[in-house]
Trainee: 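Let me begin by handing over the structure; questions about it come next.
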Amino acid sequence: MISQKEIARRCGVSLITVSRALDPLRQDKVKPATRQKILEICEKENFYPSFSARSLASGCTRSVGLIVPGIGMISNSPPSAKYLEAFNSELEKSGYNLLLLPVSGSDWESIKRNAEPLILSNRCDGYITAAFSVDLPPELPVTVMQTTAAGDIPPTGFPVIAISNHKAMSNMTEHLAKQNFTKPLYISFGEGTSDRIKQWQEAFGKIGTSIKELHLPPSRINQSGDAAMLKILKANLEEMRKFDIWIFSNDQWALLAMEFLDMEGITAGKDIAVIGFDNIEKNAPDARISTISPPLEEFGKAAAKMVLERIKNKKKDYRNIRIELDSEAIFRSSSCK
């Protein structure tokens with residue numbers, strides 16, 4: 001393989017000029033024509049600069065690790081793509097790469113325990129923990145993302161970027177009361193929705209209403225198709241008809257519930273209010289689902305800016321910093337009489 005020294009000789013430039021031309025953070029110090037000449041030789045010779053060598057020389061990896069409790073948190077959650085795209089875009093502006101670091105564990109304590117060695121390994125310049133914190137010294141460059149499905153993360157030694165659903169859910173419950181919908185039911189499929197139901201319980205409690213929860217067997221929508229969930233709804237319709245507000249943890253399920261109601265001759269927005277979460281119909285011309293819309297793009301950008309600031313200002317105290325971004329209640333035909 002050709003060396004940078006040989007590339008410099010062929011181009012008639014210094015070794016440091018070649019190094020700068022191949023460094024995204026310093027390439028603006030090289031004349032465009034010179035850089036183009038260097039890149040052409042690299043392409044012809046299939047030369048790629050050594051990332052590990054550059055990291056050893058600079059003491060920086062130019063990467064940020066996103067630590068998530070299992071790969072399923074990303075792969076099974078389409079909204080995650082929205083904040084991840086914004087997060088990654090913000091990192092790229094500063095010449096940083098995103099490194100996804102899934103950790104295993106069946107409970108939060110084991111997840112935290114498995115995450116801590118990753119942070120202490122110095123694999124990345126900074127870290128984001130999604131939906132959980134860790135028990136490590138606060139001077140480490142860690143930032144916590146409190147996701148929409150999680151309850152409030154206890155006070156931590158690290159800065160927290162959070163999405164708060166409290167105001168949006170309160171606005172939604174007040175809207176439902178004005179529309180004379182009075183009997184809410186939270187419909188969950190499988191596990192993992194306990195924090196969300198607690199948020200709804202608090203919101204309905206403010207207007208003196210209690211919310212019931214119905215646990216249905218996992219629908220396995222991705223494996224079995226929408227028909228599986230429609231069948232489950234059909235089997236539980238008698239119990240569900242005792243309530244005039246059906247609340248789901250995401251818009252995908254809420255949309256299928258709307259389809260189910262149409263099939264049963266029940267009018268959503270008149271007979272039953274259907275509420276989702278995520279606002280996946282954001283750009284749809286015939287959007288129907290009333291929902292809670294989290295600021296996912298802003299969430300990703302804020303997290304990226306915070307972790308980059310932590311990397312830059314290593315001696316600053318970030319222990320009491322908490323940035324909250326409010327979700328928005330969206331009212332559509334599924335909850336409007």
Trainee: Ion pair present between Arg62 and Asp125, side-chain N to carboxylate O less than 4.0 angstrom?
Mentor: no

Trainee: Just how far is it from atom OG of Ser249 to atom CD1 of Ile292, taken to the nearest 0.5 Å?
Mentor: 12.5 Å

Trainee: Can you tell me if Asn250 uses its side chain to pair, donor with acceptor, with the backbone of Trp253 under 3.5 Å?
Mentor: yes

Trainee: Minimum heavy-atom separation for Ile272 to Phe181, with atom names?
Mentor: C-CE2, 4.0 Å

Trainee: Does Asp286, at its CG atom, have more than 12 non-hydrogen atoms belonging to other residues, nucleotides or ligands within less than 6.0 Å?
Mentor: yes

Trainee: Does atom NZ (Lys270) have a neighbourhood of more than 12 heavy atoms from anything else shown, all under 6.0 Å?
Mentor: no

Trainee: Does Asp326 pair with Lys167 as a salt bridge, N-O distance under 4.0 Å?
Mentor: yes

Trainee: Do the side chains of Arg113 and Glu116 get close enough for a salt bridge, i.e. N-O under 4.0 angstrom?
Mentor: no

Trainee: Is a donor on one side and an acceptor on the other found under 3.5 Å between the side chain of Asn88 and the backbone of Leu84?
Mentor: no

Trainee: Under 4.5 Å between any side-chain heavy atoms of Leu261 and Thr267, yes or no?
Mentor: no

Trainee: Taking Thr182's backbone N and O only, do any of them form a donor-acceptor pair with Asp244's side chain (distance below 3.5 Å, no angle check)?
Mentor: yes

Trainee: I'd like to know if Arg322 and Glu324 make a salt bridge, using a cut-off of under 4.0 Å between side-chain N and carboxylate O.
Mentor: yes

Trainee: Is there a continuous path of hydrophobic side-chain contacts, each under 4.5 Å between heavy atoms, that joins Phe331 to Trp200?
Mentor: yes

Trainee: Using only atom types and a distance under 3.5 Å, with no angle test, would you say the side chain of Thr173 pairs donor to acceptor with the backbone of Ser170?
Mentor: yes

Trainee: Give a yes or no on whether a salt bridge exists between Glu139 and Lys315, defined as a side-chain N under 4.0 angstrom from a carboxylate O.
Mentor: no

Trainee: Please find the pair of heavy atoms, one from Gly300 and one from Phe87, that lie closest to each other, and give the distance.
Mentor: O-CD1, 3.4 Å

Trainee: Atom CD in Glu239, atom CG in Leu216: separation rounded to 0.5 Å?
Mentor: 10.0 Å

Trainee: Before accepting this row, confirm whether a basic side-chain N of the pair Asp262/Arg288 lies closer than 4.0 Å to the acidic partner's carboxylate O.
Mentor: yes

Trainee: Would you give the length of the straight line joining atom CD1 of Ile321 to atom CZ of Phe158, rounded to the nearest 0.5 angstrom?
Mentor: 13.0 Å

Trainee: Honestly, is Arg196 close enough over Phe277, meaning NZ or CZ under 6.0 Å from the six-membered ring centre and within 45° of the axis?
Mentor: yes

Trainee: If we count only N and O atoms by modelled type, under 3.5 Å, do the side chains of Tyr318 and Glu309 hold a donor and an acceptor together?
Mentor: yes

Trainee: Step by step, would you call Leu176 with Ile207 a side-chain contact (heavy atoms from CB on, under 4.5 Å)?
Mentor: CA-CA 11 Å; Leu176 291 168; Ile207 60 171; over 6 Å; no

Trainee: Taking all atoms of both residues into account, what is the closest heavy-atom pair of Gly126 and Ile311, and its distance?
Mentor: N-CD1, 3.9 Å

Trainee: Nearest 0.5 Å, please: how far is OG in Ser164 from CD in Gln146?
Mentor: 7.5 Å

Trainee: Decide yes or no for Trp246 and Pro184: does some side-chain heavy atom of the first lie under 4.5 Å from some side-chain heavy atom of the second?
Mentor: no

Trainee: Can you check side-chain contact (heavy atoms from CB on, under 4.5 Å) on Ile211 and Leu185, steps first, answer last?
Mentor: CA-CA 6 Å; Ile211 180 172; Leu185 176 67; 5.9 Å; no

Trainee: May I ask you to say whether Glu90 pairs ionically with Lys93, meaning some side-chain N is under 4.0 Å from a carboxylate O?
Mentor: yes

Trainee: Taking everything shown except Lys301 itself, do over 12 heavy atoms lie less than 6.0 Å from its NZ?
Mentor: no

Trainee: Check whether any side-chain N or O of Asp251 sits under 3.5 Å from a backbone N or O of Ile280 as a donor-acceptor pair, and report yes or no.
Mentor: yes

Trainee: State, with a plain yes or no, whether a side-chain heavy atom of Pro295 is found less than 4.5 Å away from one of Leu325.
Mentor: yes

Trainee: If hydrophobic clusters are built by linking Ile, Leu, Val, Met, Phe, Trp and Tyr wherever their side-chain heavy atoms come under 4.5 Å apart, do Ile330 and Ile163 end up in the same one?
Mentor: no

Trainee: Between the main-chain N or O of Pro159 and the side-chain N or O of Arg319, is there a donor-acceptor pair closer than 3.5 Å?
Mentor: no

Trainee: Donor-acceptor check, side chain of Ser290 to backbone of Arg332, threshold 3.5 angstrom: yes or no?
Mentor: yes

Trainee: Linking I/L/V/M/F/W/Y whenever any side-chain heavy atoms sit under 4.5 Å apart, do Ile41 and Leu15 land together?
Mentor: no

Trainee: State, yes or no, whether a side-chain contact exists between Asn236 and Ile232 at a heavy-atom distance under 4.5 Å.
Mentor: yes

Trainee: Please check if any side-chain donor atom of Asn279 sits under 3.5 Å from a side-chain acceptor atom of Thr291, or the reverse.
Mentor: no

Trainee: For the residue pair Ser14 and Thr17, confirm or rule out a side-chain donor-acceptor distance under 3.5 Å.
Mentor: yes

Trainee: When rounded to the nearest 0.5 angstrom, what distance separates CE in Met240 from CD1 in Ile187?
Mentor: 3.5 Å

Trainee: I'd like to know if Glu6 pairs up with Arg9 as an ion pair, taking the criterion as any Lys NZ or Arg NE/NH1/NH2 lying under 4.0 Å from an Asp or Glu carboxylate oxygen.
Mentor: yes

Trainee: Begin with the C-alpha distance, continue with both residues' side-chain angles, and end with the deciding distance and a verdict on side-chain contact (heavy atoms from CB on, under 4.5 Å) for Ile7 and Ile2.
Mentor: CA-CA 7 Å; Ile7 294 172; Ile2 193 172; 3.9 Å; yes

Trainee: One pair to check against side-chain contact (heavy atoms from CB on, under 4.5 Å): Ile67 and Ile119. What are the steps and the verdict?
Mentor: CA-CA 9 Å; Ile67 305 177; Ile119 296 170; 3.6 Å; yes

Trainee: Find the distance between CD1 (Ile161) and NZ (Lys305) and round it off to the nearest 0.5 Å.
Mentor: 10.5 Å

Trainee: Which heavy atom in Leu296 sits nearest to a heavy atom in Tyr83, and how many Å separate them?
Mentor: O-CB, 3.1 Å

Trainee: Would you say the side chain of Val307 lies within less than 4.5 Å of the side chain of Tyr127, judging by non-hydrogen atoms?
Mentor: no

Trainee: With no hydrogens and no angle check, is any side-chain donor or acceptor of Thr34 less than 3.5 Å from a backbone partner on Val30?
Mentor: no

Trainee: Quick one, Leu91 and Asn97 - any side-chain contact, counting heavy atoms below 4.5 Å?
Mentor: no

Trainee: Any idea which heavy atoms bring Gly276 and Ile289 closest together, and the distance?
Mentor: N-CG2, 3.8 Å

Trainee: Give a yes or no on this: more than 12 heavy atoms of other residues, nucleotides or ligands lie within 6.0 Å of atom CD of Glu85.
Mentor: no

Trainee: Taking the side chain as every heavy atom from C-beta outward, state whether Ser188 and Leu214 have any atom pair closer than 4.5 Å.
Mentor: no

Trainee: Would you indicate whether the side-chain heavy atoms of Met258 and Ser334 approach each other to under 4.5 Å?
Mentor: yes

Trainee: Quick one: does any side-chain atom of Glu328 pair with a main-chain N or O of Ala168 as donor and acceptor, under 3.5 Å?
Mentor: no

Trainee: Which pair of heavy atoms, one from Leu233 and one from Ala257, lies closest together, and at what distance?
Mentor: CD1-CA, 4.0 Å

Trainee: Do Asn165 and Ser327 have side-chain atoms, one donor and one acceptor, less than 3.5 Å apart?
Mentor: yes

Trainee: Given 3.5 Å as the limit, does a donor-acceptor pair link the side chain of Arg35 with the main chain of Ala21, or not?
Mentor: yes

